Novice: 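This structure is in structure tokens; I'll ask about it shortly.
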Amino acid sequence: MSASRIAEAFANGPAFIPYLAAGDPDVESTKEYVRALVRGGADIVELGLPFSEPIAEGSTIQNAIVRSLSGGMTPESYFELVADLDIDVPVVCMTYYNLIYQFGDEEGPEPFVRRAAAVGIDGFVVPDLPAEESGPLREACDAHGLDLVFIVAPTTRGERLERIMEQVSGYVYVQARLGTTGARTDVSDQTDTSLGRLREWDVPKAVGFGISEREHAERIVGGGADGIIVGSALVNIVAEGTSAGSVTRAQNVAEGSSTETVAERLESKARELKEGALAGRENRPQPERP
Amino acid sequence: MSTDTNTKFGRYGGQYVPEALMPAIEELEEAYQRYVLGNEAGFMDDFRERLRDFGGRPTPLQRAEQLSERYDSEIYLKREDLLHGGAHKLNNALGQVLLAKYMGKERIIAETGAGQHGTATAMACAHLGMDCEIYMGERDINRQRPNVFRMRLNGAEVNPVTTGRGTLKEAISETMRDWATSVEDTHYVIGSVVGPHPFPRMVRDFQSVIGEEAREQIEEKARRLPDSVLACAGGGSNTMGAFHEFVPQEGVGLYAVEAGGSSLEVDEEGGVAPNSASLSTGSEGVLHGARTKLLQDRDGQIMESHSVSSGLDYAGVGPELAHLVDEGRVVPVNVDDDGALEAFHRLSQLEGVIPALETAHAFAYLENEHENLGDCVIVNVSGRGDKDLESVIEETAEREIDIAPDMDVFSGGGL
Ligand SMILES: Cc1ncc(COP(=O)(O)O)c(C=O)c1O
């Protein structure tokens with residue numbers, strides 16, 4: 001199989017992978033925000049398709065999902081949004097299994113994957129689908145040349161790691177700490193332990209859950225991660241913009257105002273995190289030469 | 001007790017949970033096999049003794065004289081309302097808290113809808129010296145206040161859940177989130193035959209004492225098997241508990257009575273199904289760890305359910321029940337809020353048994369369909385109705401219910 005677009009995104013050093021909930025607070029804003037993140041240095045974009053029962057999500061992303069669903073987001077409008085994005089980095093769809101399973105008239109996950117492939121989605125992360133239940137989705141992904149990312153938790157050891165290794169493609173999502181998503185102010189020691197367990201794996205290792213600052217990115221990439229995934233810290237910016245009454249660039253120009261738009265804040269946050277990741281690579285102990 | 005540990009029931013069940021929880025679920029599966037199925041360290045002996053001495057088992061099977069006359073058939077009540085705590089919930093809560101103790105866990109978390117499972121869990125935790133935190137939807141906290149106080153009395157923390165409509169679905173999601181954080185030292189005592197494997201099997205096994213006793217009792221009292229067994233179904237734990245023993249007895253009709261709420265129509269736009277009839281009207285999907293029958297819109301978003309009884313107010317149902325319905329072994333039926341309230345008053349007046357609003361659904365079905373249920377019927381009285389008195393006063397005032405007592409006695413002018 002030729003290297004996927006996702007694999008290529010890791011080829012030039014540490015990947016910065018931002019997450020946003022699609023449709024938060026509406027489709028047009030999401031497009032603007034995603035493009036801003038790409039300008040800021042995103043190598044892959046994880047775009048959440050909101051599910052009404054997001055059991056892996058902390059309050060920040062739960063609220064984003066509520067905003068998106070009350071704005072009318074559906075799988076169909078999600079696919080249209082992705083088709084219109086016009087960005088040249090890969091898109092990973094993050095969603096829960098029931099939405100994948102229900103899509104289309106035929107049974108099983110294939111119709112969803114087919115449609116995703118058609119709009120240019122490159123892979124999936126499905127937080128409520130452990131390796132035990134992933135057979136049908138893995139098959140559909142293989143049939144359409146898409147990657148299926150798996151989460152490895154701090155509690156994942158031994159045989160479970162092997163089972164995941166057999167199924168994963170694209171990158172492995174290393175869950176930095178137990179619990180749910182949400183921005184934190186520190187880096188968990190669990191991160192290093194988990195990365196240590198995966199040292200021998202060929203697939204790129206991207207760390208997520210709690211990363212919110214440049215220093216976190218630097219420290220985690222310095223510790224051996226191939227990428228960082230940042231969600232809640234970015235969704236917080238969207239939330240603040242939404243509650244403040246969203247300011248658009250056009251309005252700013254019209255009013256001669258200098259308030260930073262949400263998109264501008266996202267772009268500079270992305271830049272900050274990407275720079276952290278790059279700095280982390282510089283600090284990394286060089287592998288010994290043979 | 002079955003030793004089949006397949007993770008599925010036909011096409012339903014499975015383990016759709018975040019990876020962080022899978023190791024704990026594997027650990028639980030192993031403990032279930034060893035202690036529950038294998039009686040290692042005398043676990044099941046210990047459990048049965050505690051169910052007897054702390055819980056008050058066996059519960060009676062009582063012939064309901066007035067109802068038998070009213071319906072001209074033999075009506076028996078399996079009195080789970082007399083179990084300690086006032087509902088069948090203790091069978092499961094005590095089993096799981098004891099299992100967690102055998103597993104070396106230190107802390108217990110649980111969700112609750114009506115507060116009966118939370119109460120039973122809090123009691124079991126006090127009894128066994130475990131820390132206990134309960135998640136309960138804000139709306140349910142307001143409609144089941146006596147139970148909230150009972151949990152607090154037994155030393156449990158009660159955490160209000162404010163997301164969504166603030167009912168059982170949100171409480172389960174929030175408890176799963178806690179578990180994803182605390183999984184290393186905490187056991188999640190799920191309150192019904194729902195969730196990822198092994199919960200649906202294990203909870204059923206703890207609850208199946210209901211049907212085992214009922215069968216022995218009916219054979220002694222009536223010298224026969226019943227024609228029908230009726231139980232209300234929310235998640236379906238009292239239901240599976242009452243049915244499991246009778247599933248192989250093909251002559252025994254098994255009726256799962258769901259909450260028809262205010263209507264069986266769904267409001268797709270609003271994402272609301274004003275009922276909780278997932279077996280009768282739901283479609284297959286994945287929620288809270290299992291593939292089962294769900295109330296969902298065409299995209300797969302879960303609907304907000306409704307029932308006058310908090311304990312039935314849930315968009316999902318146990319996967320084994322979904323399977324037994326597909327197989328034609330269990331008949332899914334439903335009655336609406338009005339019928340349940342009327343049945344609540346009827347049982348209180350005719351038999352001197354005040355049932356939980358959940359339980360009242362089974363009696364409403366009996367009233368409607370007794371002619372088609374045979375000559376000998378067991379109704380599982382899953383719980384008593386003291387917790388519901390405030391709601392019943394309010395709900396009764398909004399309706400014309402002939403059999404309800406009038407409240408004139410209160411109108412005699414203050415202190
Ligand atoms: C008395 C009573 N009956 C029934 C139920 C419904 O639960 P299940 O369907 O699991 O038996 C409840 C739940 O709270 C309850 O309190």
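Predicted model, so just to flag it, every value in this text is computed and none were measured. In the text below, chain A, chain B and the rest are named by the order of the sequence lines, each starting its count at 1.
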Novice: Does any heavy atom of chain A fall under 4.5 Å from the side chain of Ile172(B), the backbone, both, or neither of them?
Specialist: neither
Novice: Taking all non-hydrogen atoms of both residues into account, name the closest pair between Ile302(B) and Phe51(A) and its distance.
Specialist: CG1-CZ, 3.8 Å
Novice: State which residues pass side chain to side chain donor-acceptor pair (under 3.5 Å) with Ser309(B); sequence neighbours excluded, sorted by chain then number.
Specialist: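 If we apply the side chain to side chain donor-acceptor pair (under 3.5 Å) test to Ser309(B), skipping adjacent residues, the hits are Ser307(B).
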Novice: Which pair of heavy atoms, one from Ala56(A) and one from Pro18(B), lies closest together, and at what distance?
Specialist: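 For Ala56(A) and Pro18(B), the tightest heavy-atom pair comes out as CB-CG, 4.4 Å.
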Novice: Contact part of Pro54(A) toward chain B, heavy-atom cut-off under 4.5 Å: side chain, backbone, both or neither?
Specialist: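 Both backbone and side chain.
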Novice: Below 3.5 angstrom, are there any donor-acceptor pairs between chain B and chain A, and if so, which atoms and how far apart?
Specialist:
residue, atom, partner, partner atom, Å
Lys8(B), NZ, Glu133(A), OE1, 3.1
Arg11(B), NH2, Glu107(A), OE1, 3.4
Arg11(B), NH2, Glu107(A), OE2, 2.9
Gln15(B), N, Glu133(A), OE2, 2.7
Tyr16(B), OH, Glu133(A), OE1, 3.4
Val17(B), N, Asp128(A), O, 3.4
Glu19(B), OE1, Arg160(A), NH2, 2.8
Glu19(B), OE2, Thr156(A), OG1, 2.9
Glu19(B), OE2, Arg160(A), NE, 3.0
Ala20(B), O, Thr155(A), OG1, 3.0
Glu26(B), OE2, Arg160(A), NH1, 2.6
Lys169(B), NZ, Glu53(A), OE2, 2.6
Arg177(B), NE, Pro54(A), O, 3.3
Arg177(B), NE, Glu57(A), O, 2.9
Arg177(B), NH2, Pro54(A), O, 2.8
Ala180(B), O, Gly179(A), N, 2.9
Glu284(B), O, Gln102(A), NE2, 2.8
Glu284(B), OE2, Tyr101(A), OH, 2.8
Val286(B), N, Asn98(A), OD1, 2.8
Arg291(B), NH1, Tyr101(A), OH, 2.7
Gln296(B), OE1, Asn98(A), ND2, 2.8
Gln296(B), OE1, Gln102(A), NE2, 3.2
Gly300(B), O, Asn98(A), ND2, 2.8
Gln301(B), OE1, Ser52(A), N, 2.8
Gln301(B), NE2, Pro50(A), O, 2.9
Ile302(B), N, Ser52(A), OG, 2.9

Novice: Please classify the contact of Ile100(A) with chain B as side chain, backbone, both or neither, using a heavy-atom distance under 4.5 Å.
Specialist: neither
